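Working notes, structure below.
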Amino acid sequence: MIICGYAVVIINEALAEWLRITPIHANEEYRMAFLKKNSMDKSWFEQHLRGVTVSLDTDDLQNYGTDWSKVRDPAPTAVLFPQHAEQVQQIVVCARKYGLALVPSGGRTGLSGGAIAADGELVLSLERMRALEPVCQADATIRVQAGVVTATVQQQAAAAGLFYGVDFAAAGSSQIGGNIATNAGGIRVLRYGLTRDQILGLEAVTGTGELLQLNHGLIKNATGYDLRHLLIGSEGTLAVITAATLKLWPHPGERQVLLLALDSHQALVPLFIAARQALALSAFEFFTHNCVRHVCAHAGLAPPLQQAAKLYVLLECDAIADDHAAEFFEQVFDQGLVSDGVISQSQQHAQQLWQYRERISESIADLRPYKNDIAVRIAAVPQLLQQLDELVRRYYPDFEVLWYGHIGDGNIHMNVLRPESMQAADFKRQCEQVNEQVFACIQQLGGSISAEHGVGLLKQPWLHYSRSGTEIELMRQIKSLLDPDGIMNPGKLLSS
Ligand code: 2HG
Ligand code: ZN
């Protein structure tokens, strides 16, 4: 017993030391030597984590140690696949005991590096936790485990004649737990709200290994601090989300899509106000002409309108009579807000029009753009665009910049492409320098440096532009309560 306890202390100290001193890109050889020296092979994990599937396979380490941001090279120690909350508790308890850092992992579709494991962490994948309960018609809810894919929830809701309000291009891969951890937004926030607004119950394991059942699916519950909302958007730094009860909505039926051409970004907000007054809006998106160019080249589509426009708005609303849609178009055309447009003639046509917006991100993914995901109040959007336009002209004169996003939520995605002649490291440095100007402008407008992609690793150095020193200090104190050993996704959101 004593020998065994001693060995544990040695492993513990050695591991802690290794996690502290290992260079950022722990190399494979070093990792293997370390595991061997400390007898931490697969059987070590299996013995300490009974029933949990463990992988030390190089492909799995590469695959599960990264996310769509690819901001760091993956170098986790192992990937763990629990199947229920008790196994997650077991993992957290073991990680605390041996001083191992954990990276909770969903569909890894994040764009801020929140799911990257680059420093010998254990990846805790939720992908084998995919159970769904039947839809509850009385409550209009569905309870799911965290690894259920977003599109599966959408399908289950539709099969029950209901609707899940969250949607975005990554819905086919992203998982509910990850959506909750990042408070994902997407394309229909203006009608249905953020992921936060869909969560009626939450189950999670804290960094101390405690299992929490929060809010129990209730609509009304006035019993003090709502810990559910503390965990939503906490990016795996406080707890691992293991299950949730999701709110479902009445099915909206058929939708109509209008794709409109604009000559100036000054027309965006007046057009939004007019559309919101005239139509039952569910989305109001915008994108610049170069976005269309990239999507057409990538997806083999013809341009949406005969004449290219400077800007496009794609709006979606509950189906209306053709003459009502035409009337709305004439009204905004006469007001000089739009110069051209197309109205969907069928559900299939509506889906085709959506492609010009939904496929922008994938169409430029291989070019590894520098991404900003910023938000201000809708009323401040014209001022923000004006100021950003000036910054871009001054600091990015030779760069291609793509603008798109969710005007109906005041959320703009600014993607900067690297000029071919520029080295990747120089490009990153320059973009990070420009960030200071962009975020100063966001701060002055009371906006957010990360609207819906999270802070993760990528935006962490700029958090103070959106959150005060007092807020950041309170966040740290909250973290130390729920994660006293600092094992939960260290270095993400808050600096470690
Ligand atoms: C979108 O709205 C996503 O398409 C991705 O949030 C944004 O690629 C991006 O910057
Ligand atoms: Zn978006």
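Indexing begins at 1, ligand by ligand and atom by atom, following the structure's order. Owing to the predicted nature of the structure, the values given are computational and were not obtained by experimental measurement.
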> Does Arg393 make a cation-pi contact with Phe399, if we ask for NZ or CZ under 6.0 Å from the ring centre and within 45° of the axis?
Replying inline: no
>> Under 6.0 Å from the ring centre and within 45 degrees of the ring axis: does the NZ or CZ of Arg357 meet both conditions for the six-membered ring of Phe287?
In response: no
> Using a distance-only test with no angle check, is there a side-chain donor-acceptor pair under 3.5 angstrom linking Tyr465 and Asn435?
Replying inline: no
> Do Gln145 and Glu203 get their side chains close enough for a donor-acceptor pair, meaning under 3.5 Å?
Replying inline: no
> Going by the angle between their ring planes, with limits at 30° and 60°, are Phe284 and Phe272 parallel, tilted or perpendicular?
Replying inline: perpendicular
> Hey, what do you get for OH (Tyr164) to CD (Gln155), rounding to the nearest 0.5 Å?
Replying inline: 13.5 Å
> What are the two closest non-hydrogen atoms of Ile241 and Ala146, and how far apart are they?
Replying inline: O-CB, 3.2 Å
>> Quick check: closest heavy atoms across Ser69 and Ile116, and the distance to 0.1 Å?
In response: OG-CD1, 3.7 Å
>> Below 2.8 Å, which protein N, O or S atoms neighbour the Zn ion (ligand 2), ignoring water?
In response: His406 NE2, His413 NE2, Glu452 OE2
> Name the residues with a heavy atom less than 4.0 Å from ligand 1?
Replying inline: Leu111, Arg357, Ser361, Lys371, Tyr404, His406, His413, Asn415, Glu452, His453
> In terms of side-chain geometry, is the basic nitrogen of Glu235 or Lys492 positioned less than 4.0 Å from the acidic oxygen of its partner?
Replying inline: no
